[in-house]
> 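Below is the structure I would like to discuss, written out as structure tokens.
From a predicted model like this one, the values you see are computed outputs, not experimental measurements.
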Amino acid sequence: MKVIIVGGVAGGASCAARLRRLDEHADIVIYERSGYISYANCGLPYYIGEVITDKSDLTLQTAKSFYDRFRVEVKTSHEVFDIDSENKIVSVKNLKTGEDFTDSYDKLVLSPGAKAIKPNIPGIDNKNIFTLRTVEDAFRIYDTIKNMNANSAVVVGGGFVGIEAAENLKELGLDVTLAEAADQVLSIFDRDMAAQIHISMREHGIDLILGSGIAGFASESNKVVCTFANGKKISADIVLLAIGIAPDTYLADKAGLKKGVKGSIVVDEKMQTSDPDIYAVGDAVQIEHFITKQKTIISLAGPANKQGRIAADNIAGYESRYKGTQGSSIIKIFDMTAASTGINERTAKALEIEYDKIILSPMSHASYYPGGKVMTMKVLFEKSTENILGAQIIGFDGVDKRIDVIATAIRAGMKATELAELELAYAPPFSSAKDPVNMAGFIIENIVTGKVKQFYTDDLEKLRNEKNAFLLDSRTRAEYAAGHADGFLNIPVDELRQRVDEIPKDRPIYIMCQSGLRSYIASRILSGMGYDCYNFAGGYRFYSITEKEKHINSESFPCGMGKCVN
């Protein structure tokens, strides 16, 4: 059996390696148009930022090492440019010699990945405007910065690549502006959670331009002048475009394959396309979202590797199926970590899912053990089924293991209330006896059973104008004096029973504290006395972050990074 794989990196290389382990006699050939068969795509920004200093560390396998280990013929700098699916022939160009030739296959695997989007706007072909998708791209960007002694950069796009590039360019010593057309970075997070990321990036010296897309570029005195939709202009030495990717489906069109959302390649659970002898994996394929069951595209290395493995299984005659992607992801933002799995609140609303949410701010480990840091967790669950819909966590230590536990719970079909039952490893340096994941389960159980009713930041403006609402801050006097939400009366929780006569019994009581714990205790005290109580989700800490973000004018240009033209 002859198997040709078009594209290496995550999906193609994993497919080839798995196929060889299953079939020692198959004839396997990989054609890869870049100069590298298997490389750490996610590590590219860190090479630019000199976190990874050795070029060879980006290369996971070379053509020689792959052949030595797997006896797979790897042809880098070779581009497949046509497919004759009827006769099972591919046309290939050797990019180094310019030679064209054909090759035949029994089974074909497409792993073409995705292309960086470059909008058709004025000045887009400026030599100092870059995209970052390949090892060669990373080398070009780094060499340009060093050769021109660059000291300023504009990053266009606030997704994973844009954020990581902005951080690493800043760490390299450049003045950095990051521009995003939406009103927030990292759309996998809800706006209230993303506020923490915005504040952290600004505190680390990155200018953020939110809510205004790029309109065009121009050259001026060896600088790239970036013009935004709102008319503002900034000049910089280099520009990095990270505004998104699109499935590379040129070859799918040549083969006449069925296309899906955003032009992606339609595959079944076996990763088989509409042509039974052609499989497809990775960023170019349409998959089913594990939670929503909708057809979508999710470009992540983990799913691509799994898809390559599954395609190989089925080519080799083994039954293997891909069961969908839930989009678990994580990103480092300077000293902060942000992670997500499943869907966010915005998506749940768009799909008209009846959901509820909790927001909590637990410590990363036991509070009495030195070095603990607060994280913010947001968990969504479906009201009717109690199924976990998604989670977002932003903090410093321990974010990764909590998001992984919840991601596993989702995949296992656990109910949100069952998070309370998980037995997780505990020692003071690592966690608390009640792990943050357990705490999320406890809160959800309280909500589901009616022990607690919640209110949120979005409710505050209406409540302040509601004459019947009684707003109570249950923190200490010192905390209240240091900052509080307008309209809230301060009665510390430990004084509540003695001062209960100050609280009207014929009005609903809306209670806030620093994190949500003391206000929960206060609500239980008052509920036991017959009061109608609501607990503020997330606490004053969460409220103050979202309020701080609201008051930052994202349209302004501080001019500390780069040079303002007007």
> Side chain to side chain donor-acceptor pair (under 3.5 Å), that's the test. Do Q326 and T341 meet it? Break it down for me.
CA-CA 6 Å; Q326 65 198 66; T341 188; 3.0 Å; yes
> Quick one: are L460 and F536 in side-chain contact, heavy atoms under 4.5 Å?
yes
> Does the side chain to side chain contact (heavy atoms under 4.5 Å, CB included) test come out yes or no for Y510 and L472, once each step is laid out?
CA-CA 6 Å; Y510 296 88; L472 175 65; over 6 Å; no
> On a heavy-atom basis, which atom in H204 and which in D335 lie closest, and how many Å separate them?
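Heavy-atom minimum between the residues: CE1-OD1, 3.4 Å.
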> I'd like to know if the side chain of D190 reaches the main chain of D192, judged simply by a donor and an acceptor atom lying under 3.5 Å from each other, with no hydrogens or angles considered.
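No: the side chain of D190 does not pair with the backbone of D192.
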> Evaluate the side-chain proximity of Q454 to D356: yes if any heavy-atom separation is below 4.5 Å, no if none is.
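Result yes, sub-4.5 Å side-chain heavy-atom pair found.
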> Grab the two heavy atoms, one from Q286 and one from G260, that are nearest each other, plus how far apart they are.
OE1-CA, 3.2 Å
> Show the numbers, then the answer: is there a side chain to side chain contact (heavy atoms under 4.5 Å, CB included) between D283 and I297?
CA-CA 7 Å; D283 293 353; I297 305 170; 5.9 Å; no
> Is there a side-chain contact between L208 and M201 (heavy atoms, below 4.5 Å)?
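Answer yes - side chains close enough.
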> Flag the pair K323 and E269 as a salt bridge only when some basic side-chain nitrogen lies within less than 4.0 angstrom of an acidic carboxylate oxygen.
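So K323 does not pair with E269 through a salt bridge.
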> Applying side chain to side chain contact (heavy atoms under 4.5 Å, CB included), run through E354 and E382 and close with a yes or a no.
CA-CA 6 Å; E354 289 292 324; E382 189 172 24; 5.6 Å; no
> Main chain of G12, side chain of S111: is a donor-acceptor contact present, judged purely on distance under 3.5 Å?
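Checking the backbone N and O of G12 against the side chain of S111, a donor-acceptor pair under 3.5 Å is found.
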> Would the distance check show the side chain of K453 and the main-chain N or O of G450 forming a donor-acceptor pair, the cut-off being under 3.5 Å?
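Side chain of K453 to backbone of G450, a donor-acceptor pair under 3.5 Å: no, none is there.
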> Taking all heavy atoms of L110 and all of I265, pick out the closest pair and write down the distance.
CD1-CD1, 4.4 Å
> Quick test of your reading of the model: are R477 and E479 salt-bridged, counting only N-O distances below 4.0 Å?
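No, this pair does not count.
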> Can you see which heavy atom on L380 is nearest to which on I343, and at what distance?
CD2-O, 4.2 Å
> Quick one: does any side-chain atom of Y534 pair with a main-chain N or O of Y456 as donor and acceptor, under 3.5 Å?
no
> On the six-membered ring of Y279, is K270 placed so that its NZ or CZ lies under 6.0 angstrom from the centre and within 45° of the ring axis?
no
> Work out which heavy atom in H365 is nearest to a heavy atom in S432; give both atom names and the distance.
C-OG, 3.6 Å
> Any non-hydrogen side-chain atom of F381 less than 4.5 Å from a side-chain atom of V448?
yes
> Sub-3.5 Å donor-acceptor pair from the side chain of Q307 to the main-chain atoms of V281, do we have one?
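No, because the side chain of Q307 does not come within donor-acceptor range (under 3.5 Å) of the backbone of V281.
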> How about H484 and Y480: are their ring centres within less than 6.0 Å of each other?
yes
> Using modelled atom types and a 3.5 Å cut-off, is there a donor and acceptor pairing between side-chain atoms of R411 and backbone atoms of I406?
no
> Checking salt bridge (Lys or Arg N to Asp or Glu O under 4.0 Å) for the pair K415/E386: CA distance, chi angles, key distance, verdict?
CA-CA 5 Å; K415 303 297 183 185; E386 297 178 20; over 6 Å; no
> Are R499 and E502 ion-paired here, with the side-chain N under 4.0 Å from a carboxylate O?
yes
> Could you tell me whether the side chain of T337 and the main chain of K332 form a donor-acceptor pair under 3.5 Å?
no
> Please answer whether the main-chain N or O of D275 pairs with a side-chain N or O of T273 as donor and acceptor at a distance below 3.5 Å.
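Checked: pair present.
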> Apply side chain to side chain donor-acceptor pair (under 3.5 Å) to the pair Q392 and S340, showing each step before the final yes or no.
CA-CA 4 Å; Q392 303 160 54; S340 172; 5.7 Å; no
> Taking all non-hydrogen atoms of both residues, which atom of I188 and which atom of S329 are closest, and how far apart?
CD1-OG, 3.3 Å
> Using modelled atom types and a 3.5 Å cut-off, is there a donor and acceptor pairing between side-chain atoms of R507 and backbone atoms of D532?
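No, the answer is negative, given that no donor and acceptor are paired below the 3.5 Å cut-off.
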> As a quick check of understanding, evaluate side chain to side chain contact (heavy atoms under 4.5 Å, CB included) for I209 and L178, giving each step before the final call.
CA-CA 6 Å; I209 302 171; L178 186 142; over 6 Å; no
> Please determine if D183 and R191 form a salt bridge, counting it only when a charged side-chain N lies under 4.0 Å from a carboxylate O.
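Yes, charged N to carboxylate O under 4.0 Å.
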> Going by side-chain contact (heavy atoms from CB on, under 4.5 Å), L419 matches just one of L424, D435, I388, N438. Which one?
I388
> Under 4.5 Å between any side-chain heavy atoms of R524 and K451, yes or no?
yes
